[in-house]
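Note sheet for the following structure.
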Protein chains: 2
Amino acid sequence: MATVSRVVNNNPNVKPQTRKKVYEAIERLGYRPNAVARGLASKKTTTVGVVIPDISNSIFAEIARGIEDIANMYHYNIILCNADKRKEKEIRVINTLLEKQVDGLLFMGGTVTDEHILAFQTSSVPIVLCATSDEKGAYPSVDIDHEAAAFDAVNTLIRHGHREIAMISGTLQDPANGYARFHGYKKALEAAGIEYQEDLVRIGNYRYESGVEAMKYFLGLKKKPTAVFAATDEMAIGAIHSIQDEGLKVPDDFSVISVDNIRMASMVRPLLTTVAQPMYDLGAVAMRLLTKLMKKETVENPRVILPHETILRLSVNHLNE
Amino acid sequence: MATVSRVVNNNPNVKPQTRKKVYEAIERLGYRPNAVARGLASKKTTTVGVVIPDISNSIFAEIARGIEDIANMYHYNIILCNADKRKEKEIRVINTLLEKQVDGLLFMGGTVTDEHILAFQTSSVPIVLCATSDEKGAYPSVDIDHEAAAFDAVNTLIRHGHREIAMISGTLQDPANGYARFHGYKKALEAAGIEYQEDLVRIGNYRYESGVEAMKYFLGLKKKPTAVFAATDEMAIGAIHSIQDEGLKVPDDFSVISVDNIRMASMVRPLLTTVAQPMYDLGAVAMRLLTKLMKKETVENPRVILPHETILRLSVNHLNE
DNA sequence: GCGCTACATCGTAAATGGTTACCGTCAAAT
DNA sequence: ATTTGACGGTAACCATTTACGATGTAGCGC
């Protein structure tokens, strides 16, 4: 028994000849190791839990792909749970994942509240936050600097001569895509000495339709902006179509910029100028970090901020050109 | 011990008073049931394996969402494995999933070859194919009728007066999105007495760019088609933009139709006319079927074909209108 | 009131399929 | 002959489930 265990686990302490015999028997009997029994005995399952808001959202799907690729590389499997950013569902899946004895946990979600922390604390396995972070910074995380990304986006608008800049924001309750990006907008305005005007920002829900709606509102203003910054690409694309549906042109009549760089950004006309967030890498780096933690390697910086990059395409113009 | 097991599993054979004491102890000790040990003893893991070509592909992501929702409803978790339609990776993940003692397997992939069948046969748990099916029809599956969907798409073009209809196909090696849809195209042509012309079909790789390329080719033909059928929405959108980039109009100069109905289809101008495939439902129904199989319920029809529906939007016009 | 039966409740121990610490054996080297 | 190291076997252990048996108690007939 022990010998079989050794050959299956590639333990060197077994004579090649015996090893061969074991392999033959395995073949002959159609033996398949039972990972559950192995997990019980070894206290390792080589699976990690991933809680994700919504796998059908292309951003998270891309992150998930990064996670899975790296997990696979290190011979982990992942258990995927959608939680829709609903707190009580998040807590629930965290607990079932922990019951399943995952070797580590990757958490993606909007906000991490005190209740989340409480759930995390009952865990004996490492946890890393992906595309979020906790207030206190107590947990390892990987994310981008949303505020800086938004700042850069608005700033490129400003550098193109725009001063009447509207924003289609997410809800301010959302710390990353909402609050932080909105604050980046405000700061960029402030840094350029432009006064913040409340009626130049609308709150959307990140979806295409809400971008269309918000833009309709701006189009109806007596004093129209010359450019709009959308918190996400999808809303930006909605805004572009809203503009075009009125017979106006992007970027001639309005410049549009946003943050994300989803694939669709290069599948619209005009090609969307946006600040890219490295989605695949967010997942990949988070998973890599988790593997280190699971191996109890010491990691220098457990809170990593990945760089963003503004991608100049065709939806932004110099004003009066 | 047995009593604790009983209360944790809601077995009625335990005095309410004892039950309460157990709950108290659980609370006090912070006890969390170990699902791995439970799995070993009960031979059930309440997790199912899902092999998927690519989770970052929006179609599969949507299917996956359907799978996960239903799985969750029946208290299963899912282990997600990307296999990129690469046979040897598919076989590999099937085996590791089986080692992990999943209670069932959901397989999505391009082709199911004899080697797949061989791997399936070693399984003691039910397997259902989703968005594919095997030649012999030996395994439960849920899919749409790709050929009929393509037929309907081409037929609506024909009913709009078009007779010079190009196709942007997928590779003919791919049984569903490739071969079947191509054959639907041919049959629709044939049924309308239109001669099939080889230089009116181009093979793409399902991606936007290949749609752009293929359309460029058609645009360069001396005798241009008046309409194009793309095997997938993404290629259709590429085609639309290719047309627009030449200063031509959809649908005035060219009609465009395809199959899929991804979200992006209603996020382009003009809104894409397409034959909708119920992606979420494909996943949901497949998972529901699997739950029945896992419970050893007898199922009337293990090979389900979900209906498709052609969605008339704005990318198709009557010819000479 | 007694004895018996039946049932509810609970505990015991085997089983699940591995890993691994520990020990014994054997052959080669010193 | 003794030491050493490679190799293989034994058995404890992992945290549950579950078959089975033990215990206690209530109901019933007499």
Side-chain angles (χ1 to χ4, degrees), chain A residues 1-49 75-77 79 95-104 122-125 294-296, chain B residues 1-49 75-77 79 95-104 122-125 294-296:
Chain A
M1 245 168 85
T3 302
V4 174
S5 174
R6 276 189 281 260
V7 349
V8 171
N9 293 308
N10 277 321
N11 184 316
N13 291 342
V14 37
K15 208 190 303 184
Q17 179 190 344
T18 331
R19 185 181 301 271
K20 187 146 160 283
K21 282 203 294 192
V22 172
Y23 278 132
E24 278 171 15
I26 285 179
E27 182 69 22
R28 182 158 40 84
L29 273 11
Y31 167 81
R32 201 193 321 254
N34 181 323
V36 172
R38 175 182 300 186
L40 182 61
S42 68
K43 303 187 161 307
K44 288 193 199 96
T45 54
T46 63
T47 103
V48 315
H75 302 106
Y76 286 98
N77 290 110
I79 299 184
N95 282 315
T96 87
L97 254 9
L98 259 17
E99 283 187 10
K100 296 227 167 172
Q101 312 297 118
V102 293
D103 293 340
T122 68
S123 168
S124 59
V125 298
M294 290 187 297
K295 283 192 213 144
K296 302 199 191 312
Chain B
M1 245 169 86
T3 302
V4 174
S5 175
R6 277 187 281 258
V7 349
V8 170
N9 293 309
N10 277 320
N11 183 316
N13 292 341
V14 36
K15 208 190 306 184
Q17 179 189 345
T18 331
R19 185 181 300 270
K20 188 147 159 281
K21 283 204 293 191
V22 172
Y23 278 132
E24 279 171 14
I26 285 178
E27 182 68 22
R28 184 159 38 84
L29 272 12
Y31 167 80
R32 199 190 325 251
N34 182 324
V36 172
R38 173 180 302 185
L40 182 59
S42 69
K43 303 186 162 308
K44 286 191 200 99
T45 54
T46 64
T47 101
V48 317
H75 302 107
Y76 285 99
N77 290 111
I79 299 184
N95 282 316
T96 87
L97 253 10
L98 259 18
E99 283 186 11
K100 296 226 168 174
Q101 311 297 119
V102 293
D103 292 341
T122 67
S123 168
S124 58
V125 297
M294 290 188 296
K295 282 190 215 147
K296 304 200 190 310

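Order of the sequence lines sets the chain letters (A, B, ...), proteins ahead of strands, with each chain counted from 1.
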Task: Of the listed nucleotides dT16(D), dG17(C), dT9(C), the one nearest the side chain of A37(B) - done: dT16(D)
Open item on the list: Can you tell me whether the side chain of R6(B) and the base of dG11(C) have a donor-acceptor pair closer than 3.5 Å?
Closed with: yes
Task: Length of the line joining K43(A):NZ and dA12(D):C1', which is rounded to integer Å - done: 14 Å
TODO: Pick base, sugar-phosphate or nothing for R32(A), based on heavy-atom distances below 4.0 Å to the nucleic acid.
DONE: sugar-phosphate
Task: Distance, rounded to the nearest Å, where N11(A) contributes CG and dT19(C) contributes P - done: 11 Å
- [ ] Of all the heavy-atom pairs spanning Y31(A) and V8(A), show the shortest one and how long it is.
- [x] CE2-CG2, 4.4 Å
Open item on the list: Using the side-chain heavy atoms of A2(B), tell me which of these nucleotides is nearest: dG11(C), dC10(C), dC7(D).
Closed with: dG11(C)
Task: Interatomic distance, R38(A) CZ vs dG18(C) P [rounded to whole Å] - done: 8 Å
Open item on the list: Does dT19(C) have OP1 or OP2 under 4.0 Å away from a side-chain N or O of N9(A)?
Closed with: yes
- [ ] Starting at atom NZ of K21(B), determine the distance to atom C1' of dC10(C), rounded to an integer number of angstrom.
- [x] 11 Å
Task: Nucleotide dG17(C), atom P - distance to CD of E99(B) in whole Å - done: 15 Å
Open item on the list: For E24(B), I'd like to know if atom CD has over 12 heavy atoms of other residues, nucleotides or ligands within 6.0 Å.
Closed with: yes
Task: S5(A) vs dT19(C): side-chain N/O to OP1/OP2 distance below 4.0 Å - done: yes
Open item on the list: Would you say T46(A) and K100(B) are linked by a side-chain donor-acceptor pair, where the criterion is simply a distance under 3.5 Å?
Closed with: yes
TODO: Let me know, please, whether M1(A) or R19(A) comes out on the 5' side of the other along DNA chain D by nearest nucleotide.
DONE: R19(A)
- [ ] Could you check how far CG of N10(B) sits from P of dT17(D), rounded to whole Å?
- [x] 12 Å
- [ ] Return the 5'-most residue of the pair P16(A), A41(B) with respect to DNA chain D, ranking by each residue's nearest nucleotide.
- [x] P16(A)
Open item on the list: Does any part of the side chain of R19(A), heavy atoms only, come nearer than 4.5 Å to the side chain of N10(A), both counted from C-beta?
Closed with: yes
Task: Side chain of S42(B) (C-beta onward), nearest among dT19(C), dC10(C), dT17(D) - done: dT17(D)
TODO: Please round to the nearest 0.5 Å and tell me the distance separating atom CD1 of I79(A) and atom OG1 of T47(A).
DONE: 4.0 Å
Task: L40(A) CG - dG17(C) C1' separation (whole Å) - done: 9 Å
Open item on the list: Treating S5(B) as the side-chain partner and M1(B) as the backbone partner, does any N or O pair qualify as donor plus acceptor under 3.5 Å?
Closed with: no
Open item on the list: Counting neighbours of NZ on K296(A) that are heavy atoms of other residues, nucleotides or ligands and sit closer than 6.0 Å, is the number greater than 12?
Closed with: no
- [ ] Let me know the distance between CG of N34(B) and P of dT17(D), rounded to the nearest Å.
- [x] 10 Å
Please produce a list of atom pairs where a protein N or O lies less than 3.5 Å from an N or O of nucleotides 24-26 of chain C.
none

